[in-house]
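Just so it is clear, the values below take in all heavy atoms, side chains as well, and ignore hydrogens, waters and symmetry mates.
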Amino acid sequence: MSLTPVPGTNALRLAYRTRLGSRAVPHWIICSFAGQTGAARATLTAVDTDRGPLSDVKFYIIKRWWLTGAPPRAAPTAWLHLSHRQAYWLQQAINGTTLAGIYGLVATGFALVHGLLGRINLAFGEIAVAGGVYLLIAVGLESLAGRLGPGELAFAIVIGILFSMSISWLVGRHVVLPLTTATTSPQTVLIGTIAVAIVVAEAARITAPDRLNWLPPLLNIPLPLAGGGGFTTTVTAAQMLAAGMSLTGASTLLALMEFTRFGRAWRAHADDPLMAALLGVRVPTLRDGTFLIAGAAAGLAGAVSVIAYGTVQPGEGLAITLKALISAIIGGIGSVPGAFLGAVIVAGVEIVWSAAFDIAYRDLVIYVLLVAFLVLRPGGLLNNAAPRPREF
C-alpha cells in the first residue's frame with residue numbers, strides 16, 4: 001500500500017491490493033479535500049476509485065454515517081497527561097523515529113562503501129526494498145504452513161536480511177569493484193548501480209501479483225501513551241518493535257566500527273589504503289565484509305519498513321535512496337555516526353514540515369536543505385577533513 005499526494009490538487013491517492021484467490025489485484029482510490037492546510041485538509045469533498053467515482057448517494061452515506069455521523073467512542077485513558085499541543089508533537093516524534101531508523105540504516109551503507117572505496121552505490125534503496133519483499137515472501141510461505149508467531153516472524157526477518165546481504169555482496173563484487181578498478185571516474189559506478197536498482201525494482205514489480213504483499217495485522221492495536229485536551233498520543237507494538245530494531249541495528253553498527261578488528265581495519269584502509277595493506281590488512285576480505293554489512297543494514301531497513309507500515313512497494317527504493325544519501329551527505333559521507341545524525345535531521349525536518357505546513361512542499365524543503373549543506377559545509381557535520389568554503 002502506498003499513499004501519495006496528487007500533484008496540483010488537494011487530493012491523496014491510495015494504492016493497495018486485494019487478495020483474489022492466489023492473486024493480488026491492484027486497486028486505487030483518490031480522496032479529495034477542501035484544502036491543504038488548516039481544518040480544510042480534513043474535510044472530504046470527493047472520492048474517486050479505479051472503478052469510477054462514487055455516486056452522490058454513496059458519498060452522502062459515507063459523509064453522514066461513517067464520518068460526521070459516526071457514534072462517539074470513549075477516549076482511551078492515556079498514561080501521561082499532556083496538553084493537546086504537546087501530545088500532538090510527541091506523536092510526530094514517535095512517527096519520525098521509524099523514518100530516522102530507515103534512512104539511517106540505508107545511509108550507513110553509503111557511508112561504509114564510500115569511506116572504503118570513494119564510490120556511491122545508488123542501489124542501496126532497492127536492496128532495502130528487496131529485503132522487505134523477501135521478508136513478505138517468507139511470511140507468506142510460513143502462513144501457508146501454519147500460524148505465524150514471533151519465532152516465524154523473526155525467521156522471516158533474518159531471511160530478508162540475508163537476501164539483502166547477498167544482493168549487496170553480488171553488486172559490490174561484480175559491479176562496484178570492477179568499475180572502480182577500470183576507471184578513476186566515479187560516474188561509472190553511479191550509472192552501473194542505477195542500472196542495478198532499476199533491475200531489482202522491475203523484478204519486484206513484475207512478480208508483485210504472484211506473491212503476498214502485506215504483512216498480516218500483527219501488534220497493531222493502538223496503545224494510549226499521553227494526551228489531554230482532545231488529542232491522545234498512541235503507539236503500537238509494531239512501532240515499538242520497529243524502533244527497537246532500528247536502535248539495535250544502529251548500536252550494533254557503531255560498536256562494530258569502534259571496538260572490533262573489522263572496524264579498526266576499515267578505518268585504517270579509509271585513511272590510507274596502501275599503508276593498511278602493507279601493515280597486514282586483508283583488503284579483499286575487508287571489502288567483502290563491508291559489502292555484507294552494508295547489505296545487512298539495508299535489509300534491516302527494509303524489515304523495519306515492513307514491520308512499521310505493513311508492506312513495501314516496488315519503486316520505493318528511489319525515494320529511500322535519495323533521502324538516505326542526503327542523510328549521509330549532511331552527516332558527512334564516509335562517517336557511520338554521521339549517517340545516523342543526518343538521518344535524524346532529515347526525518348525531523350520531514351515530519352515537522354508535514355505536520356505544520358503544506359505536505360506538497362516537503363521534499364522540496366529537504367532538497368533545499370541539501371543544497372545549503374553542499375554550499376556552506378560540503379563535508380557534512382562530522383567529516384572535519386573535508387574542504388570548507390571560505391568563511392564569510
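Between the CG atom of L286 and the CZ atom of R261 there is a distance of 11.0 Å, given to the nearest 0.5 Å. Here the CZ atom belonging to R119 is positioned 8.5 Å from the NE2 atom belonging to H114, to the nearest 0.5 angstrom. Separation of atoms CD1 (I191) and CG (L122) is listed at 10.5 Å; rounding is to 0.5 Å. The distance from the CG atom of L179 to the NE2 atom of H174 is 12.5 Å, given to the nearest 0.5 Å. In this structure, OG1 in T180 is found 5.5 Å from CG in L117, a value given to the nearest 0.5 Å. A distance of 13.0 Å separates CG in L292 from CD1 in I161, rounded to the nearest 0.5 Å.
Looking only at side-chain heavy atoms (C-beta outward), W169 and V171 stay at 4.5 Å or farther from each other. V281 has its side chain out of reach of W266: every pair of non-hydrogen atoms, C-beta onward, lies at least 4.5 Å apart. Inter-residue side-chain proximity for Q239 and N95 is flagged as met; some heavy-atom pair is nearer than 4.5 Å. No side-chain heavy atom of T321 sits less than 4.5 Å from a side-chain heavy atom of E126. Using a 4.5 Å heavy-atom cutoff, the side chains of I366 and I326 are in contact. The shortest side-chain heavy-atom distance between V306 and V139 does not fall under the 4.5 Å cut-off. Looking at heavy atoms from C-beta onward, L215 lies in side-chain contact with L153 at the 4.5 angstrom threshold. Side-chain contact between T98 and Y309: present, with at least one pair of heavy atoms (C-beta onward) separated by less than 4.5 Å.
Both L364 and I329 sit in one connected hydrophobic cluster of ILVMFWY residues. Membership requires side-chain heavy atoms under 4.5 Å apart, directly or through other members. If you chain together hydrophobic residues whose side chains sit under 4.5 Å apart, L300 and V344 never meet in one group. The hydrophobic clustering, which links ILVMFWY residues whose side-chain heavy atoms are closer than 4.5 Å, places L247 and I102 apart. Placement of Y103 and V368 within a single hydrophobic cluster is found when ILVMFWY residues are connected by side-chain heavy-atom separations under 4.5 Å, directly or transitively. V6 and L12 are not part of a single hydrophobic cluster, where members link through side-chain heavy atoms under 4.5 Å apart.
The backbone N or O of V199 lies less than 3.5 Å from no partner atom in the side chain of E202, so there is not a single donor-acceptor pair. At least one donor-acceptor pair under 3.5 Å links the side chain of T188 to the backbone N or O of S185. A side-chain donor-acceptor contact under 3.5 Å links R377 to the backbone of L381. In this structure a side-chain-to-backbone donor-acceptor pair under 3.5 Å is missing from E258 to A255. In this structure a side-chain-to-backbone donor-acceptor pair under 3.5 Å is present from S164 to G160. For D358 (side chain) and Y361 (main-chain N/O), no donor-acceptor pair under 3.5 Å exists by modelled atom type. In this structure, T97 contributes its side chain and A93 its backbone to a donor-acceptor pair below 3.5 Å.
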Could you give me the CA-CA distance, side-chain angles and deciding distance for F59 and L44, then say whether side-chain contact (heavy atoms from CB on, under 4.5 Å) is met? CA-CA 10 Å; F59 184 70; L44 186 66; 3.9 Å; yes

Derivation of the side-chain contact (heavy atoms from CB on, under 4.5 Å) call for S168 and M165: CA-CA 5 Å; S168 176; M165 293 173 65; 5.8 Å; no

Could you check T236 against L223 for side-chain contact (heavy atoms from CB on, under 4.5 Å), going step by step and ending with a plain yes or no? CA-CA 6 Å; T236 66; L223 304 175; over 6 Å; no

Could you go step by step and tell me if Q86 and T233 meet the side-chain contact (heavy atoms from CB on, under 4.5 Å) rule? CA-CA 9 Å; Q86 292 172 330; T233 302; over 6 Å; no

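For the residue pair A294 and G109, the shortest heavy atom distance occurs at CB-CA, 3.7 Å. Looking at every heavy atom in both residues, A130 comes nearest to I167 through CB-CD1, 3.8 Å. Nearest heavy atoms, S305 versus V312: OG-CG1, 3.5 Å. Here the shortest heavy-atom pairing between G295 and F124 reads N-CE2, 4.4 Å. The heavy-atom pair separating I333 from L325 by the smallest distance is CD1-CD1, 4.2 Å. The minimum heavy-atom distance between L90 and A226, with the atom names listed, is CD2-CB, 4.0 Å.
A salt bridge (charged side-chain N to carboxylate O under 4.0 Å, His left out) check over residues 168-195, counting only residues at least two apart or in different chains, returns the pairs R173-D288.
The 12-atom threshold is exceeded at OH of Y367, counting heavy atoms of other residues, nucleotides or ligands nearer than 6.0 Å. Atom CZ of F155 sits in a sparse spot, with 12 or fewer heavy atoms from other residues, nucleotides or ligands closer than 6.0 Å. Within 6.0 Å of atom CD1 in I221, 12 or fewer heavy atoms from other residues, nucleotides or ligands are found, so the atom counts as exposed in its surroundings.
Between the side chains of H27 and T49, no donor-acceptor pair is found at a separation under 3.5 Å.
Between F163 and Y134, the ring planes lie parallel to each other; the angle is under 30°, not in the 30° to 60° tilted range.
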